[in-house]
Amino acid sequence: MVLRNPFVTVIVTGVPGVGKTTVLGKVAEMLESRGKRFLVVNFGDYMFSEASREGWVRHRDEMRHLPLRRQLQLQEMAARAIRIEGEKRLGEEGVLLVDTHAVIKTSTGFWPGLPENVVKELRPDSIVLVEAPPEVIHERQMRDRGRVRSDIGGVEGIRELLSFARSAAMASATLVAASVYIVENVEGRPEEAAARIVELIERLR
Amino acid sequence: MVLRNPFVTVIVTGVPGVGKTTVLGKVAEMLESRGKRFLVVNFGDYMFSEASREGWVRHRDEMRHLPLRRQLQLQEMAARAIRIEGEKRLGEEGVLLVDTHAVIKTSTGFWPGLPENVVKELRPDSIVLVEAPPEVIHERQMRDRGRVRSDIGGVEGIRELLSFARSAAMASATLVAASVYIVENVEGRPEEAAARIVELIERLR
Amino acid sequence: MVLRNPFVTVIVTGVPGVGKTTVLGKVAEMLESRGKRFLVVNFGDYMFSEASREGWVRHRDEMRHLPLRRQLQLQEMAARAIRIEGEKRLGEEGVLLVDTHAVIKTSTGFWPGLPENVVKELRPDSIVLVEAPPEVIHERQMRDRGRVRSDIGGVEGIRELLSFARSAAMASATLVAASVYIVENVEGRPEEAAARIVELIERLR
């Protein structure tokens with residue numbers, strides 16, 4: 001059986017610097033102005049709130065110093081908490097948007113952002129990949145050094161990460177019969193990418 | 001445990017315009033002339049017959065207007081019906097060939113043609129990708145506008161679709177320990193691609 | 001729930017000719033000199049010992065002549081035997097290194113080396129891909145014709161195999177929430193690749 005939530009569930013992913021959060025802000029504005037019932041959640045926020053509740057960390061920065069297996073446990077706990085939140089706050093007409101990554105590059109390799117235990121908890125209808133040319137992402141990362149923490153390895157490193165994100169998204173989508181939806185975030189026009197995501201939401205219904 | 005049917009099961013996939021149906025026709029002729037017991041089924045036909053039986057549609061064209069979640073349900077129902085048909089019609093010496101797609105491009109994104117719930121129902125020994133150079137596929141699509149419905153986005157779009165088809169096929173194959181078998185359909189020589197598929201069938205036994 | 005062994009488990013993969021076995025030899029030396037408890041196992045050896053125990057073969061070469069479905073059964077039996085060996089020989093502080101392939105090219109196609117039934121038995125923390133430029137791998141294969149049996153299809157064939165290895169590794173990693181860790185084996189400097197794997201092991205703890 002295909003696992004689905006009563007509400008439409010869209011996971012929005014993108015590599016650091018692609019402008020995903022700006023795009024999601026525009027999506028929220030558009031859904032708001034249309035009077036849609038929706039919820040945008042940030043996966044990392046839920047990991048932090050689960051970790052705090054368990055008393056494992058006090059500050060967000062402490063999370064990445066937790067043992068890896070504990071981080072993986074948090075990933076699964078966050079997925080479950082997000083689904084429960086959706087069930088509480090959204091009816092059949094609602095839309096859940098989850099802001100996260102298809103793949104995360106760390107010093108221990110490329111981790112799937114949506115491994116089986118997470119994606120089967122979230123039950124998405126679609127996994128969105130917000131993309132941009134590697135050169136553009138690189139420039140944005142250079143401008144925004146404070147916020148983008150990880151060293152992604154220049155334009156070639158970004159190209160590799162984008163490629164792993166695609167195959168990771170497809171592997172996750174295969175587990176839950178979701179679609180993979182590519183959205184280009186053209187420099188300076190995040191509202192276009194947002195409009196394409198709103199279009200997707202309308203069609204998933 | 002590795003899931004397998006008593007008979008050899010080969011899923012034959014290819015993007016629209018690659019010439020898959022022609023190749024499968026040749027495969028059928030070759031198996032026929034060798035006196036093999038086999039069954040070639042079209043996945044879409046089974047989706048339609050399941051949908052008709054349920055009274056959800058009367059014409060094939062109505063299928064793509066069904067709600068997406070119903071289409072996904074039909075996909076799973078078709079997979080089960082195909083396996084049952086194989087069990088009825090084929091013994092241990094038989095071969096089941098399933099004509100379908102590794103990935104389907106629609107306005108809601110790239111959908112896996114063989115998500116977990118489908119591929120575990122079909123239980124293939126091998127997933128074949130019939131491929132051709134993007135430029136050749138593009139030309140065939142242009143010649144055959146009536147039949148090939150979807151706008152695939154030019155040569156670049158076809159290249160992207162071929163790439164997603166490969167990663168989707170590998171993701172599906174990983175779930176059932178099947179192989180991914182690449183066959184190039186050289187322009188004007190579908191019998192060569194067919195011969196390679198017949199070779200595969202002989203070796204899977 | 002994320003499946004994990006009590007000990008750290010790292011699967012080391014690489015295409016024939018990439019120099020994986022040399023690298024793993026260096027990793028063993030480094031772990032030895034640091035007084036680490038570890039176990040390096042070769043997946044093929046375990047398949048052979050399982051096959052011998054069952055009386056299915058007497059010589060290693062006979063294995064590839066077994067029916068394909070029996071080979072798949074052996075693959076799963078080997079995975080279980082390896083995990084049991086790890087449980088017997090390693091405590092929580094130990095490290096299990098499994099020498100195998102992410103994908104295997106044969107006349108019946110590209111077979112996943114870590115299909116669901118195998119990877120969920122092995123329960124890796126990380127899947128390492130030892131890589132090198134296709135041209136370098138090709139040269140090594142040419143020098144070493146005796147040992148490298150399969151015809152991999154020249155530089156283009158190696159490039160394709162490397163690409164399938166990446167998507168297969170990511171598909172397997174998605175099933176068990178493992179990372180995919182890329183290590184380049186630079187010609188003449190296997191100790192650098194080995195050092196990167198030792199670094200990974202330290203960080204996975």
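Chain A is the first sequence line, chain B the second, and so forth, proteins listed ahead of strands; every chain is numbered from 1.
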Item to check | Any residue meeting side chain to side chain donor-acceptor pair (under 3.5 Å) with A:Glu192, in chain and number order, not counting sequence neighbours | outcome: A:Arg189
Checklist entry - Are any non-hydrogen side-chain atoms of B:Val130 and B:Val12 less than 4.5 angstrom apart? => result yes
Checklist outcome for this item: Looking only at A:Asn5, A:Leu3, A:Val176, most heavy-atom pairs under 4.5 Å shared with chain B are made by A:Asn5
Checklist entry - Are any of the side-chain nitrogens in B:Lys20 or B:Glu131 under 4.0 Å away from the carboxylate oxygens of its partner? => result no
Item to check | Distance, nearest 0.5 Å, that separates CZ of A:Arg64 from OG of A:Ser107 | outcome: 10.0 Å
Item to check | Residue-level interface, residues 162-172 of chain B with chain A, non-hydrogen cut-off under 4.5 Å | outcome: B:Phe164, B:Ser167, B:Ala168, B:Ala171, B:Ser172
Checklist entry - Quick one: are B:Pro133 and B:Glu184 in side-chain contact, heavy atoms under 4.5 Å? => result yes
Checklist entry - Relative to chain A, which of B:Leu175, B:Thr106, B:Thr108, B:Ile104 shows the most heavy atom pairs under 4.5 Å? => result B:Thr108
Checklist entry - Does any heavy atom of chain B fall under 4.5 Å from the side chain of A:Leu204, the backbone, both, or neither of them? => result both
Item to check | Contact residues of residues 70-100 of chain B (partner chain A; heavy-atom separation under 4.5 angstrom) | outcome: B:Leu72, B:Glu76
Item to check | Straight-line distance of B:Tyr181 OH to B:Glu199 CD, nearest 0.5 Å | outcome: 5.0 Å
Next on the checklist: Is there a side-chain contact between B:Arg53 and B:Glu50 in this structure, where contact means two heavy atoms from C-beta onward sitting under 4.5 Å apart?
Outcome noted: yes
Next on the checklist: Using side chain to side chain contact (heavy atoms under 4.5 Å, CB included), reason through A:Val27 and A:Val40 one step at a time and then give a plain yes or no.
Outcome noted: CA-CA 9 Å; A:Val27 171; A:Val40 180; 6.0 Å; no
Next on the checklist: Which residues in residues 110-129 of chain B have any heavy atom closer than 4.5 Å to a heavy atom of chain A?
Outcome noted: B:Phe110, B:Trp111, B:Pro112, B:Leu114, B:Pro115, B:Glu116, B:Asn117
Next on the checklist: Please evaluate residues B:Ile197 and B:Val183 with respect to the criterion side chain to side chain contact (heavy atoms under 4.5 Å, CB included), reporting the C-alpha separation (whole Å), side-chain torsions for both, the decisive distance (0.1 Å), and the verdict.
Outcome noted: CA-CA 8 Å; B:Ile197 293 173; B:Val183 173; 4.0 Å; yes
Checklist entry - Are A:Arg196 and A:Glu191 close enough for a salt bridge, meaning some N to O gap below 4.0 Å? => result no
Checklist entry - From B:Leu68 CG over to A:Ser179 OG, what is the distance, rounded to the nearest 0.5 angstrom? => result 8.0 Å
Checklist entry - Between A:Ile201 and A:Lys36, is any pair of side-chain heavy atoms under 4.5 Å apart? => result no
Checklist outcome for this item: When rounded to the nearest 0.5 Å, the distance separating CD of B:Gln141 from NE2 of B:His138 is 7.5 Å
Checklist entry - Is there a side-chain contact between B:Arg140 and B:Arg143 (heavy atoms, below 4.5 Å)? => result yes
